[in-house]
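Reading through the structure tokens given below for one structure.
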There are 2 protein chains.
Amino acid sequence: MLNLTFKQLRYFQALVRYGHFGHAADACAISQPALSVQIKELETALGMILFERTARQVRLTAFGAEFALRVRGIVQSVDELGDLARAARGRLTGRLRIGVIPTIAPYLLPTIIGALHQSHPDLDIHVRETVTPRLIQELSDGRIDTAVVALPLSEPAFTEVALFDENFVLVRPDADAGKPVPSRDSLRAMRLLLLEEGHCFRDQALSFCNFGGAVPREGLDGSSLATLVQMVGAGIGVTLIPEMAVRVETRSAPVCVVRFNRPRPSRTVGMIWRKTNPLSAQLLELSEVVRQAGADLRKLP
Amino acid sequence: MLNLTFKQLRYFQALVRYGHFGHAADACAISQPALSVQIKELETALGMILFERTARQVRLTAFGAEFALRVRGIVQSVDELGDLARAARGRLTGRLRIGVIPTIAPYLLPTIIGALHQSHPDLDIHVRETVTPRLIQELSDGRIDTAVVALPLSEPAFTEVALFDENFVLVRPDADAGKPVPSRDSLRAMRLLLLEEGHCFRDQALSFCNFGGAVPREGLDGSSLATLVQMVGAGIGVTLIPEMAVRVETRSAPVCVVRFNRPRPSRTVGMIWRKTNPLSAQLLELSEVVRQAGADLRKLP
DNA sequence: TGGCTGCGATAACTTTTAACTATGCTAAAT
DNA sequence: ATTTAGCATAGTTAAAAGTTATCGCAGCCA
């Protein structure tokens, strides 16, 4: 295997430029013998003479000229590596793969992506939308870099940052608009529509109603909050949704929303990433963007 | 000024490849601590972390991935400096890594290697036998120098040299020896044995029979021409093989071969290499050797 | 011709860098 | 709780690259 060093290539370039060992050595801040030796070793490694040393001047051989052409490209590429690093230092670069659970993604993502596009214009953002256990797996495997989920998780390998708390509101048919706000216990007697298994939001809703392990009813699970609200609009039952979903989801169905009296159901939204991720500092900054997006979203309704 | 060494880049590449300090260090023939230190110095020089070290695996950061992309180009260019020097010395020397597809290798290689041994006695020949897409990949990565494949490929990064055209012949059981030569259409009604997916020869055979996308039959794919011929000998069906395979493959099974009437199925065999490879002139000479080997082989049967 | 002079090569020695071995530390796995 | 796997660190040694001093050769000028 070829045993070239970048130093040799740089020395070579200097010698090409000055055509004089002493001057080139000065330019490289080394002594003339050091340069002589390195050039000689380069020639030995290549098995080719690069310079013709005449009494008055040092000049490239034909092969040396061809060689110099390529060396220029290489040295330039190496210098660009440094530029690349300098440009990237302390900043999110390249690809960012972000996971979001389905009960957050449709509401928060537009804002987040918009904000990220402004703050990091040349960041290549990939989004993965799926339930928490899968996100955890993909985070562990390094298939995503961070995730926005409901906390707490208590995964020891992950850093968790809580961003904001968010209440759940009751969605019921327009016809029920005047009725009193049900208590968590009376809720249990109503026909409560839920997301299908696997969504943490389902478990949070169930837990608020104090259902033990017993699922209230079979066969009425929706695959998204949008579906649930449409079902409520059709008079099939009632459901809970997080505040951030209110604006988007209640526009297209004859339903009304109402806050609960205390104690109110709620969830904590946060961001997670591997503790080992070297971009921790940057991800923490990113989490501020997400927090702000969430705050804006909950202010409106 | 950036103080990278070429060694560090090679070590970096090894670590990218293996994702494991110990294994990468072995591949570089140094100890694990030496590798750790060099990677760390590289990271320090750049001011950027290249790898995320988790307990079980080492994986590139987003920046590291970007970096790796550029490093590949640089390392390849440096390797080509060595090739350039070799080429300038006028002859192929040292190592020549040549890839060959499986439907050519067993028949053409003995002749090629014999001829190369005569014309370039101190050439260290490595052979890689695998399907075309892999050869293309390995050629791009600089893991082989040239490949003998079926043309055309139309890879813009490669030089293609067509060497010779070669017909395919029908192989059927000895019992069928007297029967008339089937047309390409009647062939479709027979039980045609094919190589498994991935071999270009399979596609060429299918295309001759005018099978659209529909594969004729399931579960009868062979992993080599030798297997196919043996299956034919056992009376399971018929198959196509290239002329160069006739002598070797039909010796050990009760089968007979017959040429097709026009239009005859055929393939073009050629050699490819990276356009940037400074050994182009030598590879062109080499291609003459291969052409001659192919001609000799097809003259005999 | 003979002594300068400019310049690259060589030699002997020193410093710096990169390697090795041994060992530590942390996080999975059992 | 203990073992295991795997990267990091420390201390030491070997190799590489640099230094100064000196050589040798070719051209130059008297």
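The sequence lines fix the lettering, A, B, ..., with proteins before strands; numbering per chain opens at 1.
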Exercise for the section: Sequence neighbours left out, what passes side chain to side chain donor-acceptor pair (under 3.5 Å) with A:Q38? Give chain and number order. Expected result: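 By the side chain to side chain donor-acceptor pair (under 3.5 Å) rule, A:Q38 matches A:Q8.
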Does [X] have any side-chain contact (heavy atoms from CB on, under 4.5 Å) partners at least two apart in sequence or in another chain, and if so, which?
X	result
B:A62	none
B:V75	B:F6, B:L9, B:R10, B:Q13, B:V71, B:D79
A:A162	A:L151, A:T268
A:S224	A:A226, A:T227

Problem - Listed once per pair and sorted, the salt bridge (Lys or Arg N to Asp or Glu O under 4.0 Å) pairs that draw on residues 119-128 of chain A, sequence neighbours left out - result: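 Output for this query lists A:R128-A:E138.
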Handout entry: salt bridge (Lys or Arg N to Asp or Glu O under 4.0 Å) contacts in which one or both residues fall within residues 46-66 of chain B, not counting sequence neighbours
Key =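 Salt bridge (Lys or Arg N to Asp or Glu O under 4.0 Å) check on residues 46-66 of chain B returns A:R274-B:E52, B:E43-B:R53, B:E52-B:R59, B:E66-B:R70.
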Practice task
Can you establish whether the number of heavy atoms outside B:H117 located under 6.0 Å from its atom NE2 is more than 12?
Solution key: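 Atom NE2 in B:H117 is not packed in, count stays at 12 or less.
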Exercise for the section: Using the six-membered ring wherever Trp is involved, compare the ring planes of A:F12 and A:F51 and label them parallel, tilted or perpendicular (cut-offs 30° and 60°). Expected result: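 Ring orientation, 0 to 90° scale: tilted.
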Practice task
Name all pairs fulfilling the side-chain hydrogen bond (donor to acceptor under 3.5 Å, both in side chains) condition that reach into residues 85-108 of chain A, sequence neighbours left out, sorted by first residue then second.
Solution key: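 Matches after skipping sequence neighbours: A:D83-A:R86, A:R97-A:D145, A:T103-A:R267, A:Y107-A:E249.
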For residues 14-30 of chain B, which side-chain donor-acceptor pairs fall under 3.5 Å, sequence neighbours excluded?
from	atom 1	to	atom 2	distance (Å)
B:H20	ND1	B:G22	N	3.1
B:H20	ND1	B:H23	N	3.0

How many Å lie between [atom1] on [X] and [atom2] on [N], as a whole number?
X	N	atom1	atom2	result
B:Y18	D:dC7	OH	P	14 Å
B:H23	D:dA5	NE2	C1'	10 Å
A:L50	C:dG8	CG	C1'	16 Å
A:H20	C:dG6	NE2	P	10 Å
B:F6	C:dA18	CZ	P	15 Å

List every contact pair, protein side and nucleotides 12-18 of chain D side both N or O, where the distance is under 3.5 Å.
from	atom 1	to	atom 2	distance (Å)
D:dG18	OP1	A:Y11	OH	2.5

Just the atom pairs and distances: protein N or O near nucleotides 9-11 of chain C's N or O, under 3.5 Å.
from	atom 1	to	atom 2	distance (Å)
C:dA9	OP1	A:R53	NE	2.9
C:dA9	OP1	A:R53	NH2	3.4
C:dA9	OP2	A:S36	OG	2.8
C:dA9	N7	A:Q32	NE2	3.1
C:dA9	N6	A:Q32	OE1	3.4
C:dT10	OP2	A:K40	NZ	3.1

Exercise for the section: Assign a letter to each nucleotide of nucleotides 24-30 of chain C from its 5' end: B, base within under 4.0 Å of a protein heavy atom; S, sugar-phosphate only; -, no contact. Expected result: ---SSS-
